[in-house]
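Order of listing sets the numbers, starting from 1, for every ligand and every atom in it.
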Amino acid sequence: MAGAKTVPMLDLKREYEYMKDEVNDAIERCLKHQKWILGPEVKELEERVALYIGAKHCIGVSSGTDALVIALRALAIKLKGQEYFDRADHVITTPFTFTATGDAILRSGATPVFVDIDPLTYNIDPVQIDEYVAQHPRVVGIIPVHLYGGPCDMGEIMEIAGRYGLFVVEDTAQAFGGTWQGKKLGSIGTVGAFSFFPSKNLGGFGDGGMTCTDDDEIAELTRMLLKHGGKDKYDVDHIGYNGRLDTLQAAILLAKLAYIDELNERRRRVSEIYGAGLCGISGIALPTDSTQPQTPQQPSLPDGHVFHQYTLRIGSGKRDMIKKVLKDKGISTTVYYPVPLHKMKVFGEGRSVRAAELRRAEEASATVLSLPIEPLQEADETAYVVETLKGCFGK
Ligand SMILES: *Cc1c(COP(=O)(O)O)cnc(C)c1O
């Protein structure tokens, strides 16, 4: 095939063209009403997402990171009657995630505890959560991350949380619209935190996020914390933030929400083409449903996965070489994430705990490679990626 093709990781211009009229109309309506702070679109988005996710309360916030921080702060106030957690309070999470997951725990005053991942799904391993919690009474909660859009084992996680009285904050930043056993991700734990960062499955034209919960008290505290810490911003109760979702972002997100199921389905279709084209190549491990038997012809895709990323594992130290070959042929790829959290300086100096050796997370960091997965990617673009990659393995 001709080498002139380029395939980006994501093509936001293409997505904008696809829904231009609705998005432009939404922006125009804001220009007319000029209600930039907590305007009508914020409330409408909150109500629409609450229906979509199946949560009692959804609250717009300024980013996915703030959604996590504010959720944890609200939990500290509710559970401990104090503004922040203590360093002795342990919150379990995965080291194989975006920095913000662990950073939010530090900013809430608690200590992040990293447990290792399941090597097939890249998500936190419930067995290791259970082992740590059984020996450490100071664990207060768990933050599972639905990495790459794939659901964590929420059945096991909620069972452990129930047994020990722990909160669960689902980091659903990468999995808007994803499900676990038919339930929308973000609606299963105590709180779900979403990001509307432009590259996420539902992305705005800037930063944005949302928290979802069925808990009335946490919802009320969240609304206070994102408005400086009080019901009345001129007379506040808590150490708060200026953490609101912009009206303009809410308006754009409302227009894009109408397309989310279609775009997630398109992501799944791209991933089917990758799966069919790349299976059976030794040296490449595909995202698969670890609970189902696999056939060499067509690996079964994980149920409820919304393919924020389509991530391969390329062993034998070849990953970086293959990344470069693909780049030279116009194909962008990304390593999410090259450094696991426990290796970062910010989580050093006694600020975090390693529950055990985190070898699987370290191995994942050294071997994963995410391919372009633009929902509007054409079949021939996906085929070009497949053929080029097969060529790297002499197929
Ligand atoms: C993007 C992301 C966040 C943070 O969201 P922002 O909106 O960028 O603040 C948190 N956790 C994960 C797993 C993410 O991918």
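Side-chain contact between R268 and F307: present, with at least one pair of heavy atoms (C-beta onward) separated by less than 4.5 Å.
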Checklist line | Worked verdict on R360 versus E363 for salt bridge (Lys or Arg N to Asp or Glu O under 4.0 Å) | finding: CA-CA 5 Å; R360 293 169 181 171; E363 228 173 86; over 6 Å; no
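A parallel orientation is assigned to the rings of H136 and Y132, their planes being inclined by less than 30° (bins at 30° and 60°). The aromatic rings of Y148 and Y122 sit perpendicular, their planes meeting at an angle over 60°, well past the 30° parallel limit.
For atom 10 (C) of ligand 1, the closest heavy atom belonging to the protein is D171 OD2, 3.6 Å. Closest to atom 8 (O) of ligand 1, if we only count protein heavy atoms, is F197 CD1, 3.7 Å. Atom 9 (O) of ligand 1 has as its closest protein heavy atom T65 OG1, 2.5 Å. The protein non-hydrogen atom at the shortest distance from atom 15 (O) of ligand 1 is Q174 NE2, 2.8 Å.
Each of the atoms 13 (C) of ligand 1 lies under 4.0 Å from some heavy atom of V145. Taking every heavy atom of T97 and a limit of under 4.0 angstrom, the matching atoms of ligand 1 come to 13 (C).
A cation-pi geometry, defined here as NZ or CZ lying under 6.0 Å from the six-membered ring centre and within 45° of its normal, does not hold between K200 and F176.
Of the candidates G64, A173, G203, G206, it is A173 that places a heavy atom closest to atom 12 (C) of ligand 1.
No path of Ile, Leu, Val, Met, Phe, Trp and Tyr side chains, each step under 4.5 Å between heavy atoms, connects V7 with L376, placing them in separate hydrophobic clusters.
A salt bridge is defined here as a Lys NZ or Arg NE, NH1 or NH2 lying under 4.0 Å from an Asp or Glu carboxylate O, and K231 with E220 meets this definition.
For K200, the heavy-atom gap to ligand 1 drops under 4.0 angstrom.
Between D66 and ligand 1, no N or O atom pair is found at a separation short of 3.5 Å.
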